[in-house]
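All remarks here apply to the structure that follows.
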Amino acid sequence: MDEFYNPQQIEAEAQAYWDRMNTFRAREQAGKEKYYCLSMFPYPSGRLHMGHVRNYTIGDVIARYQRMQGKNVLQPMGWDAFGLPAENAAMKNNVAPAAWTYDNIEYMRNQLKSLGLGIDWEREIATCRPEYYRWEQWLFTRLFKKGLIYKKSGVVNWDPVDQTVLANEQVIDGRGWRSGALVEKREIPMYYFRITAYAEELLAGLDTLSGWPEQVKTMQRNWIGKSQGMEMHFPYAEGEGVLKVFTTRPDTIMGATYVAVAAEHPLAAQAAENNPALQAFIEECKKGGATEAELATQEKKGMASGLFVRHPFTDELLPVWVANYVLMGYGEGAVMAVPAHDERDFEFATKYGLPIKAVIRPVDGELELPLKAAYTERGILFDSGEFSGLDFDQAFARMAEILQAKGLGQPRTQFRLRDWGISRQRYWGCPIPIIHCDRCGDVPVPDDQLPVVLPEEVVPTGAGSPLARMPEFYETTCPQCGGAARRETDTMDTFVESSWYYARYASPDTNQAMVDERARYWLPVDQYIGGIEHAILHLLYARFFHKLMRDEGLVQGDEPFINLLTQGMVVAETYYREEAGGKKHWFNPADVDVERDEKGRVVRAVLRADGQPVLIGGIEKMSKSKNNGVDPQALIDRFGADTVRLFIMFAAPPEQSLEWSDAGVEGAFRFLRRVWKLVSMHVAGGPAPELDLPTLTPAQRDMRRHTHEMIAKASDDIGRRYNFNTAIAAVMELINELYKFEDPSPQGRAVMQEALEALVLVLSPIVPHICHVLWRELGHERAVVDEPWPRFDPDALTRDAVELVVQVNGKLRGRVTVSATASREETERAALAEPNVQRFVEGKVPKKIIVVPGKLVNIVV
RNA sequence: GCCGAGGUGGCGAAACUGGUAGACGCGCCAGACUCAAAAUCUGGUGGUGGCGACACCGUGCCGGUUCGAUUCCGGCCCUCGGCACCA
């Protein structure tokens, strides 16, 4: 056996073995328990980044662990290949997005392979391939016919200079990123998935997902946002009709002093017809982007419309205001305003001098008037006519009766969730399979004309969709009447592709169906792993799609992902210098040296190139903009994939953010070298004899206990807790013990052999290459990848004596060692006899003695 | 603004069900080896005081519950993720 650890050679050898044996090819096997382990597929941005490496290493460790549990494991990989970055790169480099994307896939596939992931590469898919998106289009046409997809107008960011729709990401400080023009809101027709039809089920389904993190389920619950409330109708003061509002606080209605409508509300447009000032205000509301964060943080502004409505209970006239804080997309696009009991209304009323009328008081007290802030708790109604004295529930019930009798409203369930607009005015996406015919309307493309193929030799310009300028693409005939017609040129949101790829992996090669019967074997996904940033949108859309496909008879079960692991981000230190004008120039951590004082504290950082200091900018997510990304490839080339995998799994538990540390990587490399050396020294002594347990010395039994304690801890940490960092720490402790255990006797060597085998098996999911070779060197013919997970021997864990901590009044005062079988009385006696404990108990009478067996004794005096 | 997380030595972290705060690693200090350096090995390493045994302080801040709180409860501060067209 080589004396030195040579990762390059070992990793090439192990990977060649897995390739040759088709180790990771997954086949349906009746009778064998399947395990579908899926990591979120990457966007082919060019090169693997550390977040990818983390994601796929976690997935691979779980997949390999489950394989050792005897499961039939599927771990596939593919490419989320449509998207905006390809268009940006295309414009920058004047290459077609398709060519750029395929090049990136080629490069990144090789990078993934160098990580030694146990992937079944035969199942690789790319969402930009017609074989894939054809089925997305097929499903679209089915859903369109069912009414689960429909067309309506929606708000987008409009760049008036470039004459194009901008993604939220392309709006920077309210301006278009290329033109610098002030962005406006604009309404355009779009196709929508009727996800709200599944709102109730998407909400209820969360309760069945016991394998999901509570925080993700909470976020989805809040996102769906089911609320019980009241629809109320405010009759117009003049003319026919009512203004509908939705409120969760009907009990406050007697404190309503005005109503407010969104700038896009039809009533606002009507009022503006003869009101140039209002018209100007509505125009002003169109300025700025369309994101909720922007709308929620902007200064609240409004203008009286001049119109009035009647209070549904009192007939009192209430002014109608147009306000920028009312969202057209939620509820009715109109609210009743109760400044005394709603924070936004309070702020608005204070600003514009509108009346504030308090009608709710705390259950056990009075309101301090005048109000300094809105009182938003539920309480008891007062100054509310016949409703005075009622609580929320009583008021709700009574008001519902009256409103229904008058025909002016009723209780209603409202969801915050909105239908999913999927039209994108972009080129590099899946074409929406609709043909517009003047006579027949919107006609879905018939099955036999699918796929609608996206032409690939196109370089976009940044101004509108190139498809809309390509008659050869959009000129077509109507499938219904045969007349001249125009093909839809919008493409779909790329979230659509990523909503069903997990199902396609089960049958990636069929050209007969979206998914075939093999999906029944593999689905649902047993373990899904990906970034926490996908907690809401992607994961909600994928759950929605699973239900759509279920209702089409394509898949079984109600949920796609049984267990979910949301990994944290990879972050790193940032370094910069300020340039003239205050602009920051960021330096990569690889080019910076850190200087420390004699206690190890960072004193300053200098740029290696010129030896001059740079400023430390704090820990940030690895990104191009802060230039703090660390290239995984350089590290793999230098230390090997095992070292990178080990560091990533050791530095933090998977759900936390991971702070990058080059020194930590070197530490991981050092550890692997220590493992290698220990095995190499042991193997040099020739084969070890069988263990003969009754003949072991106390030191050998002790060593063996360490081995089995490690197996027990690592099994629990990896199998149940997914805390790989502490499992690795347990292995490190064992290695430290083994280095101290110098026993060349035959049984000493047998104990060592058992320890090294356990250690290699436990490490093998994390650092599979080195373990592949070490296992063979330890004398095994079968590859470690095909070995079962080790079991611990409970008999090896027993101890004769235990050390207890002794506290006096909860403060640690000493330690005592007692027999493992000591009675409570013996334990108390031993604790009280401890000299330092006596000092603190002396002269006082113990009030109470608390004994936690095996842990501590607390003497209360 | 709203929703969800997080905050523990010089640094990454550990402490799983309320029971020894800091396992393991990095860094740093000292020693061994070396002509020297690197590598490697050994030991030390939360702060303050003390020759020492030890003592006091210490898990973002303020308060509470408890024999005992990093852990539970109330309030606050800061950082991060998401907010529907980045993926």
Side-chain angles (χ1 to χ4, degrees), chain A residues 40 42-43 45 80 83-85 156-157 165-171 213 215-216 218-219 221-223 225 290-298 325 329 343-344 417-418 420-426 493-495 498 531-538 540-541 566 568-569 571 594 596-602 618-621 647 650-653 655-668 670-671 673 677 716-717 720-721 723 725-726 728-733 736 739 803-807 809-812 815 835-836 839 847-850 852 855-856 858-861:
Chain A
M40 290 181 185
Y43 177 79
S45 54
D80 188 13
L84 200 52
V156 294
N157 304 305
V165 176
L166 298 177
N168 287 336
E169 189 192 50
Q170 296 170 318
V171 179
Q215 90 201 63
V216 174
T218 304
M219 280 191 264
R221 262 183 215 112
N222 292 339
W223 185 261
T291 71
E292 195 191 307
E294 199 170 332
L295 294 171
T297 50
Q298 72 190 349
Y325 72 91
E343 277 169 29
R344 285 177 316 178
L417 182 69
R418 310 200 292 257
W420 175 16
I422 53 105
S423 292
R424 298 290 179 269
Q425 299 68 47
R426 278 181 238 299
D493 181 359
T494 57
F495 270 125
S498 57
I532 183 67
E533 66 274 20
H534 297 293
I536 296 173
L537 292 181
H538 162 63
L540 189 65
Y541 292 150
T566 49
M569 295 176 310
V571 299
V594 167
R596 294 167 188 277
D597 66 12
E598 72 285 354
K599 289 201 165 171
R601 281 184 288 245
V602 173
I619 310 273
E620 303 253 13
K621 179 178 176 172
F647 172 71
F650 178 62
E655 304 207 322
Q656 279 182 41
S657 60
L658 184 155
E659 190 174 321
W660 195 259
S661 154
D662 285 335
V665 176
E666 285 177 39
R670 240 184 334 255
F671 169 73
R673 215 159 41 188
K677 195 173 134 196
D716 188 50
D717 283 350
R720 177 180 67 90
R721 299 212 305 152
N723 276 13
N725 54 329
T726 50
I728 294 165
V731 175
M732 286 174 169
E733 282 183 78
N736 291 341
Y739 263 94
E803 190 187 57
L804 298 183
V805 159
V806 186
Q807 297 178 336
N809 289 340
K811 286 206 175 225
L812 177 68
R815 289 157 203 275
N836 199 48
R839 273 180 53 205
K847 255 194 271 180
K848 187 154 105 178
I849 301 182
I850 293 149
V852 182
K855 292 239 164 112
L856 64 72
N858 187 14
I859 300 159
V860 186
V861 295

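By convention in this document, chain letters (A, B, ...) are assigned in the order of the sequence lines, proteins followed by strands, and residues within each chain are numbered from 1.
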- Message: Measuring only the P atom in each nucleotide, how far is rA53(B) from rU45(B)? A whole number of Å is fine.
- Response: 12 Å
- Please work out if L295(A) contacts a base, only the sugar-phosphate, or nothing of the nucleic acid, heavy-atom cut-off 4.0 Å. nothing
Between the protein and nucleotides 70-77 of chain B, which nitrogen or oxygen pairs come in under 3.5 angstrom?
none

- Residues that Y43(A) engages under ring-ring contact (aromatic ring centres under 6.0 Å, His included), provided they are two or more places apart: none
- Query: Just checking R221(A): base, sugar-phosphate only, or nothing, at a heavy-atom cut-off of under 4.0 Å?
  - Reply: nothing
- Task: Could you please name the option among rG12(B), rA87(B), rC83(B) that lies closest to any side-chain atom of T494(A)?
- Result: rA87(B)
- Message: Mind checking if S498(A) touches a base, just sugar-phosphate, or nothing, with heavy atoms under 4.0 Å?
- Response: nothing
- Item | Donor + acceptor pair across side chains of N168(A), T291(A) (<3.5 Å) | no
- Message: Does W223(A) reach a base, just sugar-phosphate, or nothing at all? Heavy atoms under 4.0 Å.
- Response: base
- Task: Determine the Euclidean distance between corresponding P atoms of rG9(B) and rG22(B); express it in Å to zero decimal places.
- Result: 14 Å
- Query: Given side chains that start at C-beta, do those of K855(A) and V805(A) come closer than 4.5 Å, heavy atoms only?
  - Reply: no
Write down the protein N/O and nucleotide N/O pairs, taken from nucleotides 63-69 of chain B, whose separation is under 3.5 Å; answer none if there are no such pairs.
from: rC67(B); atom 1: O2; to: N858(A); atom 2: ND2; distance (Å): 2.3

- Shortest side-chain distance from A729(A), nucleotide among rC24(B), rG12(B), rG1(B): rC24(B)
- Counting any heavy atom closer than 4.0 Å, what does V806(A) reach on the DNA or RNA strands: base, sugar-phosphate only, or nothing? nothing
- If we take the P atom in both rC62(B) and rG52(B), what is their distance in whole Å? 31 Å
- Query: For rG9(B), does the glycosidic angle fall within 90° of 0 (syn) or outside that (anti)?
  - Reply: syn
- Message: If the condition is side chain to side chain donor-acceptor pair (under 3.5 Å), which residues does D493(A) pass it with, not counting sequence neighbours?
- Response: W420(A), R424(A)
- Task: Please determine, for the side chain of L84(A), which listed nucleotide (rC26(B), rU20(B), rC86(B)) has the closest atom?
- Result: rC86(B)
- Message: What stems show up for RNA chain B when you take Watson-Crick pairs (N1-N3 plus N6-O4 or O6-N4) and G-U wobbles (N1-O2, O6-N3), both under 3.5 Å, and require three or more consecutive pairs?
- Response: B:1-7 with B:77-83, B:10-12 with B:24-26, B:27-32 with B:40-45, B:46-49 with B:54-57, B:60-64 with B:72-76
- Of the candidates rG4(B), rG12(B), rU20(B), the side chain of T218(A) sits closest to rG4(B)
- Message: Is Q656(A) close enough to rA14(B) that one of its side-chain N or O atoms is under 4.0 Å from OP1 or OP2 there?
- Response: yes
- Rounded off to whole Å, could you give me the CG-to-C1' distance for the D716(A) and rU17(B) pair? 13 Å
- Nearest to side-chain heavy atoms of N168(A), which nucleotide of rG1(B), rG19(B), rC86(B): rC86(B)
- Task: Scan G421(A) against the nucleic acid and name what it touches under 4.0 Å (heavy atoms): base, sugar-phosphate only, or nothing.
- Result: sugar-phosphate
- Message: Both M219(A) and E803(A) contact RNA chain B. Which one's nearest nucleotide lies toward the 5' end?
- Response: M219(A)
- Query: Is P653(A) touching bases, backbone alone, or none of the nucleic acid, heavy atoms closer than 4.0 Å?
  - Reply: sugar-phosphate
- Item | Proximity to the side chain of L537(A) - top-ranked nucleotide from rA15(B), rA87(B), rC3(B) | rA87(B)
- Note on the structure: Per-nt protein contacts along nucleotides 37-59 of chain B (heavy atom under 4.0 Å; B base, S backbone sugar-phosphate only, - none) come out as --SSS------------SSSS--
- Query: Contact class for A293(A) (heavy atom, under 4.0 Å): base, sugar-phosphate, or nothing?
  - Reply: base
- Task: Scan Y43(A) against the nucleic acid and name what it touches under 4.0 Å (heavy atoms): base, sugar-phosphate only, or nothing.
- Result: sugar-phosphate
- Query: Expressed in whole Å, how much space separates the P atoms belonging to rG60(B) and rC67(B)?
  - Reply: 24 Å
- How is E733(A) classified with respect to the nucleic acid when contacts are heavy atoms under 4.0 Å: base, sugar-phosphate, or nothing? sugar-phosphate
